[in-house]
Amino acid sequence: MKRIYLDHNATTPVDPEVLEAMLPFYKESFGNASSVHEFGRTARMGVEDAREIVYKFLGTHDSQEIVFTSGGTESDNLAVKGVAHALKSKGNHIITSSIEHHAVFNPCKFLEGEGFKVTYLPVDEFGVVDLNALKDAVTDKTILVSIMMANNEVGTIEPIEEISKIVKSKGIVFHTDAVQGVGKIPVNVDKLGVDLLSLSGHKIYGPKGIGALYIRRGVKLTPILQGGHHERKRRPGTENVPGIVGLGKAVELVGKNLKKEPEKLKRLRDRLHYGIEKTIKFTKLNGHPTKRLPNTLNISFEYLEGESILLNLDMEGVAASTGSACTSGSLETSHVLISMHVDTAIAQGSIRFSLGKENTEEEIDYVIKVLPPIIERLRKMSPLYHGKQGVN
Ligand SMILES: *Cc1c(COP(=O)(O)O)cnc(C)c1O
């Protein structure tokens with residue numbers, strides 16, 4: 001059976017060029033990047049070449065502003081907890097949004113337990129952060145604002161430049177989780193006006209377990225780990241050299257493809273959306289209609305549960321995901337959709353299709369062909385549907 005992967009916001013396949021670039025650092029160039037001998041120097045060169053690719057991609061000139069981490073989650077933790085701990089003598093207030101990834105949300109919750117105060121900004125029906133609420137939330141105790149660049153579930157792109165103007169005019173440190181933005185929309189730290197920015201390897205056709213945090217020069221940060229002098233003590237631990245090299249290659253490739261790849265993704269994504277709307281009744285797009293990642297389509301099929309659609313799609317060889325994560329057997333509705341005031345019943349029927357560079361028109365057409373009979377079959381069995389419609 002044909003297998004079609006439409007879950008790229010969860011993870012992406014490693015690009016063969018990335019794997020190729022990594023292999024020597026598992027084999028002959030296995031040295032510890034801190035060692036002074038030839039083995040170590042070769043590994044160090046791999047790390048620093050990757051660092052150069054990453055900082056140039058982000059539009060900076062300063063290699064010291066990039067710290068390699070174990071992924072997006074660690075980058076977010078280091079940014080949020082690192083800044084909070086470093087600046088706690090200045091204030092104890094943090095502002096974030098109500099639709100952040102758990103990698104930002106839960107560190108904020110953790111900090112609340114330590115006595116920090118956190119404001120979770122509301123979003124509108126499209127998932128855009130309320131700028132007036134941000135202005136109102138800022139106090140002289142605010143030390144950090146963390147707002148994601150683009151949402152992983154619905155793809156809505158946040159107005160980071162406008163947020164930065166508000167935040168920086170008050171001299172507050174500004175972090176953005178750009179894990180979903182990188183490779184899909186332009187990311188330039190100066191243009192965005194951010195002080196810290198997180199990115200992850202496996203969302204951009206790089207390996208899992210590697211990421212980076214951009215830290216603007218002068219921004220104070222208390223490390224999470226204590227150990228050796230690696231990454232200027234901001235992230236001790238022997239460098240994951242093959243991972244770092246892979247991340248560098250992945251960033252290089254998405255940078256090269258940023259001109260045409262997002263266009264292609266958007267065309268395919270819209271083809272899928274149009275095909276679904278044309279053939280299936282009672283659907284609702286979740287997320288901003290235009291200010292949205294070019295690869296992301298989060299759509300609700302009313303009167304149904306996302307999980308059963310997913311399972312049926314999987315049986316047809318199509319991999320997607322739900323907006324609502326299934327936690328320990330109980331259906332927990334997505335905090336993102338709840339924050340967007342999507343009706344709970346409609347939120348339960350949401351499916352996220354997230355496209356990637358290996359997807360083709362034929363694959364999209366296959367999904368458009370297999371999906372309507374699945375929806376029809378499930379709705380026939382749905383008491384909700386019968387109750388509301390009284391017909392098939
Ligand atoms: C995937 C993701 C993360 C976590 O990155 P990992 O590398 O998987 O730890 C953080 N933020 C967003 C928006 C993501 O999509």
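Whatever order the structure lists ligands and atoms in, that order sets their numbers, starting from 1. Owing to the predicted nature of the structure, the values given are computational and were not obtained by experimental measurement.
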Centre-to-centre under 6.0 Å for Phe105 and His335, is that the case here? yes
Could you tell me whether Asp76 approaches ligand 1 through its side chain, its backbone, both or neither, with non-hydrogen atoms closer than 4.0 Å? side chain
Quick one: do Leu144 and Ile224 end up in the same hydrophobic cluster if we chain Ile, Leu, Val, Met, Phe, Trp and Tyr together by side-chain heavy atoms under 4.5 Å apart? yes
For atom 2 (C) of ligand 1, what's the nearest protein heavy-atom neighbour? Residue, atom name and distance, please. Lys203 NZ, 2.5 Å
May I ask you to check whether Tyr303 and Phe282 place their ring centers less than 6.0 Å from one another? yes
From the options Asp177, Val179, Leu199, select the one whose nearest heavy atom is closest to atom 11 (N) of ligand 1. Asp177
Which option, Ser200, Gly201, Ser70, owns the non-hydrogen atom nearest atom 7 (O) of ligand 1? Ser200
With clusters defined by side-chain heavy atoms of hydrophobic residues (ILVMFWY) lying less than 4.5 Å apart, directly or transitively, does Val254 cluster with Val18? no
Near Gly71, which atoms of ligand 1 are under 4.0 Å from a heavy atom of that residue? 7 (O)
Pairs of nitrogen or oxygen atoms closer than 3.5 Å, one from Glu74 and one from ligand 1: do any exist? no
Is it the side chain, the backbone, both or neither of Lys208 that has a heavy atom closer than 4.0 Å to ligand 1? neither
Got a sec, which residues hit side-chain contact (heavy atoms from CB on, under 4.5 Å) with Thr142, two or more places apart in sequence or on another chain? His93, Ile95, Val138, Thr139, Val145, Ile172
Considering only heavy atoms of Thr73, which atoms of ligand 1 have at least one such atom less than 4.0 Å away? 4 (C), 5 (O), 6 (P), 9 (O)
Step by step, would you call Phe30 with Phe25 a ring-ring contact (aromatic ring centres under 6.0 Å, His included)? CA-CA 5 Å; Phe30 61 85; Phe25 292 89; over 10 Å; no
For atom 5 (O) of ligand 1, grab the closest protein heavy atom and report residue, atom and distance to one decimal in Å. Gly72 CA, 3.3 Å
Backbone, side chain, both or neither: what part of His202 comes under 4.0 angstrom of ligand 1, heavy atoms only? side chain
Any chance the side chains of Thr11 and Lys203 put a donor and an acceptor closer than 3.5 Å? no
